[in-house]
Amino acid sequence: MGHEAQETDATAAVDFKEVQSTPRFQELRKRHRSFVFPMAIAFLLWYFAYVLLADYAVEFMSIKVWGNINVGLIMGLAQFVTTFAITGWYVSYSNRKLDPIAAEIRHEIEGHEFDKHGNQISGVQK
């Protein structure tokens, strides 16, 4: 008690605002947003179309396709299928397009040695 803990974490010395303004970080953000926003909009449109059809197009959703299987059931199951497909697609996209850039940025931030005051030690590389 009475002693304040001093931050010895190397990330305490990193200027994250400066990192965010770098071209590599901007590229990472652009690539992430170019996938996530359109995909989120497309999925929400698909989801709301299903909900609206279930509410206002009952006759269409009740059309029997095979035995007791109707259009509504198929579309409902397709919601699950598309959720898993989008997740798999995002993981693949992230592994190819986002993770390499993120790893470079992380290495630039964490790949330096710092003294106990958070100052970078010159000439030291991992």
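When hydrophobic clusters are built by joining Ile, Leu, Val, Met, Phe, Trp and Tyr residues whose side-chain heavy atoms come closer than 4.5 Å, directly or via intermediates, Y56 is not grouped with F48. Grouping the Ile, Leu, Val, Met, Phe, Trp and Tyr side chains by contacts below 4.5 angstrom, directly or via other members, places F35 apart from V91. Residues V51 and F60 share a hydrophobic cluster, clusters being chains of Ile/Leu/Val/Met/Phe/Trp/Tyr side chains in contact below 4.5 Å.
Taking CD from E104 and CG from D99, the interatomic distance works out to 11.5 Å, rounded to the nearest 0.5 Å.
The heavy-atom pair separating P100 from S94 by the smallest distance is CD-O, 4.2 Å. Across E27 and I101, no two heavy atoms sit closer than the pair CG-CD1, 3.9 Å. Taking each heavy atom of K97 and R31 in turn, the nearest pair found is O-NH1, 3.0 Å. The minimum heavy-atom distance between V58 and D55, with the atom names listed, is CG2-O, 3.9 Å.
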(message) If you apply the rule side-chain contact (heavy atoms from CB on, under 4.5 Å), what do you find for T82 with Y47, and how did you get there?
(response) CA-CA 10 Å; T82 56; Y47 173 75; over 6 Å; no
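Taking 4.5 Å as the limit, every side-chain heavy atom of H32 sits out of range of all side-chain heavy atoms of F37. At a threshold of 4.5 Å between non-hydrogen side-chain atoms, the residues Q79 and Y50 count as touching.
Under a 4.5 Å side-chain heavy-atom criterion applied to ILVMFWY residues, the cluster that includes L45 comprises I41 as well.
Remark: the backbone N or O of T83 is paired with a side-chain donor or acceptor of T87 at under 3.5 angstrom. Remark: the backbone N or O of E18 is paired with a side-chain donor or acceptor of S21 at under 3.5 angstrom.
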Output a table of donor-acceptor pairs, distance under 3.5 Å, between side-chain atoms of residues 65-77 and any protein atom two or more places apart or on a different chain; print 'none' if there are none.
{"from": "N70", "atom 1": "OD1", "to": "G72", "atom 2": "N", "distance (Å)": "3.2"}
{"from": "N70", "atom 1": "OD1", "to": "L73", "atom 2": "N", "distance (Å)": "2.8"}

